[in-house]
Each structure stands twice: as structure tokens, then as C-alpha cells.
Colleague: 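Could you have a look at this structure, given as C-alpha cells, before my questions?
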Amino acid sequence: MVKFFKWQISLNQLQWIGWMIITLLMFCSYLQEEDILWSSIFTVANMLSTVLIIYGNAYWLFPRFYKPGKKLFYWQLVALLLIVITIAKVEFRTFMQSVFFPKDIDDSSRLQLYIGTGVSNIIRIFFSFIFRFAIDYFTVRREQELLKQHTTEMELNLLKAQVQPHFLFNTLNNIYYVAQKESPETAALLEKLSNIMRYFVDEAPKKEVLLATEINFISDYIDLEKMRIRHPLKLDFQVKGDVSLVKVSPMLIMPFVENVFKHGIDKRRTDNLLVLHIQRCADSIAVEVCNRIVSAKLEKQAGSGLQNLRNRLQLLYGNSFDLTITEKDDYFSVHLNIPL
């Protein structure tokens with residue numbers, strides 16, 4: 001949204017307003033020399049060619065072909081676009097003149113028309129670059145605002161959940177010391193629960209956390225979830241590479257694991273599976289999560305939850321991440337690759 005005086009105007013609305021103003025100005029300039037019919041025809045023809053050049057380059061040619069290894073091909077396509085539109089525009093105008101004013105046509109004026117139209121189209125292609133950069137600028141601003149809004153909402157939700165955290169931690173510590181005497185296994189679970197709660201209070205509000213901290217949090221969560229399953233869980237949890245100094249956004253990997261326990265575990269089955277591989281690569285972090293499909297309906301719900309995570313990844317990394325979700329041979333797999 002763009003603030004215009006007291007009004008909030010979207011980017012699309014701003015474009016419509018701009019095109020209407022340009023159309024009106026162009027029509028008025030033609031009207032000084034031609035009648036209403038010719039002014040309307042020339043205005044429509046000019047606006048159509050302008051829109052085709054600017055939007056054709058800004059939204060189609062530039063994003064798809066202006067890339068390493070394709071730049072020469074991109075400029076060839078731009079030249080082809082300009083040539084086609086120039087020929088179409090000149091031939092249309094010549095045809096209209098041959099119908100209404102056949103005596104006014106001569107070869108020299110046609111050549112001048114080609115030259116003038118070609119130059120004006122070249123100017124339009126330069127405006128298309130300015131338009132493209134403006135679109136990118138407003139898009140980045142909008143993404144930054146959404147990310148800021150998302151972060152604020154996340155912080156508010158965390159603040160709502162922090163009901164006397166120190167009281168809870170102290171109480172858990174007291175229970176932990178009592179449980180150590182009576183049941184060391186219960187004490188270990190209480191320690192993991194305390195670690196999870198401390199993560200939500202101390203780490204989750206941060207913009208970035210150490211990946212090692214995130215992994216410890218996930219490990220504690222898995223241990224607590226395992227005690228709720230009737231049969232043993234087949235767990236393949238691997239961390240490869242040095243992750244000690246790597247930082248990531250908090251709660252970025254956790255939703256994948258949480259989805260497995262919510263939608264990919266059947267407490268009555270004996271073959272429940274969780275595969276979690278986290279690997280530090282040269283310039284990225286690769287995450288793989290896999291589980292058996294226990295219900296098509298549940299996996300559909302899991303997919304919708306992952307779509308929300310995809311939106312968050314889009315805000316954080318733009319198009320620099322890769323998230324692939326597959327269902328094959330009764331297995332539900334998620335592959336995530338994020339840049340460092």
C-alpha cells in the first residue's frame with residue numbers, strides 16, 4: 001500500500017490511476033490537431049503499444065530471461081518485441097490513412113513514421129526498466145512490512161503465553177529435585193519440559209537463534225512426544241556438519257516435526273516412523289523430514305500447516321529457499337533448503 005495524502009492506495013490502484021492520467025493527456029494532445037475519432041484511434045493504438053512494451057518487458061521478458069547465460073537471448077527478444085510492435089503500429093496507422101485519407105500517404109512520410117515510432121518505442125522500453133525497478137521496490141517494502149507485522153504478532157502471542165514464567169520455572173525445578181529421588185526418569189522428562197518452556201521464553205522472541213539451540217529444543221520435544229506413543233517410535237535423527245555457529249530464525253524447523261506427531265503418527269500402529277536429517281552445507285542448511293502416511297485426510301491438514309510455514313519462509317528468504325513436499329509409496333516427505 002502507498003500512502004497518498006490521507007488515503008492508502010494499492011500498487012494496482014496506483015497503476016490504474018497513472019494509466020488513466022496518461023491516456024487523458026495523450027488524447028488531449030491529439031485532439032489539438034485531429035478530430036475526436038482520429039484522436040481516439042491514435043490514443044488507443046499508442047496506449048496499447050505502450051502497455052505491451054512496458055508490461056511485456058517488466059512482467060514477462062525481464063524476470064524470465066535477464067539471467068546469467070540468457071542475457072543475449074533476452075536482448076534479442078526485446079529487439080523482436082520492438083520491431084513487431086513498431087511494424088504493427090505503423091501498418092495500422094497507414095491502413096487507417098489509406099481508408100480515410102489516401103491522398104496524404106507518401107513513401108517519405110511512411111519512412112519518417114517508422115523512424116519516429118521506433119524511437120518512441122525504444123524510449124518506452126527504458127521506461128519499462130524504471131517501472132520494473134519501482135515494482136520491485138514496492139514489493140520489497142510490502143514484504144518488509146508483512147515480516148514486521150508477523151514478527152510483532154509472534155511477539156504478542158509469546159507475551160500472552162508468558163504467565164509468570166519464573167514462577168513456573170521455579171516450581172518445575174522444585175518438582176525436578178523431588179522427582180530425582182523418587183523417579184529419575186520423571187526428573188529427566190521434567191528437565192526437558194523446562195528446557196522447552198525456557199526456549200519459548202528466552203529464544204523464540206529473538207530474530208535469530210543458534211541452530212544448535214534449535215536442535216536441542218527439537219530433541220527435547222521428540223523425547224516428550226515419544227512417551228505419549230504406545231509403541232516404540234522408529235527414529236532416525238541425524239545432524240551432519242558443524243552447526244555450532246550457524247543461526248536461523250526460531251521455530252523454523254520445529255513445525256515439520258510437530259506436523260509429524262500431529263498428523264503422521266498413529267498410536268495404535270507399531271511401525272511409526274520419524275526421519276529427521278539436518279545438514280550444514282557450504283552455503284545452506286538442508287532439512288529432510290519423512291513419516292508414513294497414516295491418513296490422507298490428516299496429511300492434507302499437515303500440508304495446509306506447511307503452507308503457512310512456506311509463507312513465512314517467503315517473507316524471510318524471498319525466492320532463495322527451496323521447499324519440496326512429496327507423497328510417494330505411503331511416505332510423506334518434506335525437503336527444505338535455506339541459504340546461510
Side-chain angles (χ1 to χ4, degrees), residues 158 161 168-169 172 175-176 179-180 183-204 206 208-244 246-280 285-295 298-299 301-303 305-306 308-309 312-313 323-327 330-338:
L158 287 170
L168 293 175
F169 289 141
L172 279 174
I175 297 174
Y176 169 78
Q180 262 189 329
S183 174
E185 184 178 349
T186 302
L189 293 174
L190 284 171
E191 185 178 12
K192 294 180 186 296
L193 177 60
S194 177
N195 292 338
I196 289 175
M197 293 176 62
R198 196 172 298 279
Y199 177 92
F200 280 118
V201 174
D202 296 337
E203 304 297 332
K206 297 178 181 178
E208 288 184 327
V209 298
L210 289 171
L211 180 56
T213 303
E214 181 87 358
I215 291 172
N216 290 335
F217 165 65
I218 293 171
S219 179
D220 289 338
Y221 174 80
I222 291 175
D223 288 339
L224 288 178
E225 285 288 357
K226 283 166 60 179
M227 67 174 290
R228 300 173 57 226
I229 303 174
R230 183 181 307 173
H231 303 287
L233 171 69
K234 185 178 180 182
L235 177 64
D236 181 7
F237 187 3
Q238 299 181 29
V239 179
K240 300 178 181 178
D242 183 12
V243 299
S244 57
V246 177
K247 288 190 174 183
V248 296
S249 181
M251 294 293 291
L252 199 61
I253 302 174
M254 182 63 187
F256 299 119
V257 181
E258 188 180 13
N259 267 324
V260 174
F261 285 102
K262 280 186 176 180
H263 309 295
I265 298 292
D266 187 343
K267 296 179 181 179
R268 296 167 297 181
R269 295 180 59 163
T270 59
D271 59 348
N272 287 309
L273 170 70
L274 168 58
V275 176
L276 175 58
H277 293 169
I278 302 172
Q279 182 174 1
R280 192 259 173 88
I285 295 295
V287 180
E288 177 186 359
V289 183
C290 180
N291 62 274
R292 287 190 175 89
I293 297 176
V294 297
S295 170
L298 289 177
E299 291 304 328
Q301 294 174 358
L306 294 178
N308 293 333
L309 179 60
R312 184 183 171 204
L313 289 166
L323 177 61
T324 305
I325 301 173
T326 57
E327 296 182 28
D330 294 329
Y331 287 91
F332 186 84
S333 301
V334 177
H335 296 268
L336 172 66
N337 194 285
I338 56 175

Colleague: Short question: side chain of Arg292, backbone of Asp271 - any donor-acceptor pair under 3.5 Å?
Modeller: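 Side chain of Arg292 to backbone of Asp271, a donor-acceptor pair under 3.5 Å: yes, one is there.
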
Colleague: If the test is side-chain contact (heavy atoms from CB on, under 4.5 Å), which one of Val260, Ile265, Leu273 qualifies with Leu233?
Modeller: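 Among Val260, Ile265, Leu273, the one that satisfies the side-chain contact (heavy atoms from CB on, under 4.5 Å) with Leu233 is Ile265.
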
Colleague: In terms of ring plane angle, is the pair Phe217 and Tyr199 parallel, tilted or perpendicular, where the classes change at 30° and 60°?
Modeller: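 Taking Tyr199 first and then Phe217, their aromatic rings lie parallel (interplane angle under 30°).
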
Colleague: For Asp242 and Arg280, which heavy atoms make the closest approach, and how far apart are they?
Modeller: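 Taking every non-hydrogen atom into account, O-NH1, 2.9 Å.
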
Colleague: What distance separates Thr326 OG1 from Tyr331 OH, expressed to the nearest 0.5 Å?
Modeller: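 So the gap between those two atoms works out to 12.5 Å.
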
Colleague: How far apart are the closest heavy atoms of Ile293 and Glu327, and which atoms are they?
Modeller: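 Reported closest heavy-atom pair: CD1-OE1, 3.9 Å.
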
Colleague: Which is it for Leu276 and Ile278 under the side-chain contact (heavy atoms from CB on, under 4.5 Å) test, yes or no, and what are the steps along the way?
Modeller: CA-CA 7 Å; Leu276 175 58; Ile278 302 172; 4.2 Å; yes

Colleague: Return the CG to CG distance between Leu211 and Asn216, rounded to the nearest 0.5 Å.
Modeller: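 One gets 9.5 Å once the value is rounded to the nearest 0.5 Å.
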
Colleague: Nearest 0.5 Å please: distance from the NE2 atom of His277 over to the NE2 atom of His335.
Modeller: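 The NE2 atom of His277 sits 10.5 Å away from the NE2 atom of His335.
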
Colleague: Checking Phe261 against Leu224 for the side-chain contact (heavy atoms from CB on, under 4.5 Å) test, could you report, in this order, the C-alpha distance in whole Å, the side-chain angles of both residues, the deciding distance, and whether it holds?
Modeller: CA-CA 11 Å; Phe261 285 102; Leu224 288 178; over 6 Å; no

Colleague: Determine the minimum heavy-atom distance between Leu210 and Ser244, stating which atoms define it.
Modeller: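 Heavy-atom minimum between the residues: CD2-O, 3.6 Å.
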
Colleague: Are the side chains of Phe332 and Ile325 in contact, using a 4.5 Å heavy-atom criterion?
Modeller: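 Answer yes - side chains close enough.
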
Colleague: Please examine the side chains of Met251 and Arg312, heavy atoms only from C-beta on, and report whether any two atoms are closer than 4.5 Å.
Modeller: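 Side chain of Arg312 against side chain of Met251, heavy atoms only: contact under 4.5 Å found.
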
Colleague: Determine whether Leu313 and Leu252 satisfy the following criterion, side-chain contact (heavy atoms from CB on, under 4.5 Å), listing intermediate values before the conclusion.
Modeller: CA-CA 8 Å; Leu313 289 166; Leu252 199 61; 3.6 Å; yes

Colleague: Might you point out which heavy atoms bring Lys240 and Val243 nearest each other, and give the distance in Å?
Modeller: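 Minimum heavy-atom contact is O-CG1, 4.4 Å.
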
Colleague: Could you walk me through whether Val334 and Asn259 pass side-chain contact (heavy atoms from CB on, under 4.5 Å), step by step?
Modeller: CA-CA 11 Å; Val334 177; Asn259 267 324; over 6 Å; no

Colleague: Nearest 0.5 angstrom please: Ile285 CD1 to Leu336 CG, how far?
Modeller: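 Separation between the atoms: 9.5 Å.
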
Colleague: In Å and rounded to the nearest 0.5 Å, what is the CG to CD distance from Asn337 to Gln279?
Modeller: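 Nearest 0.5 Å value for the CG-CD distance: 9.5 Å.
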
Colleague: Measure the CG-CD distance between Leu235 and Glu225 for me, rounded to the nearest 0.5 Å.
Modeller: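 With rounding to 0.5 Å, CG (Leu235) is 12.5 Å from CD (Glu225).
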
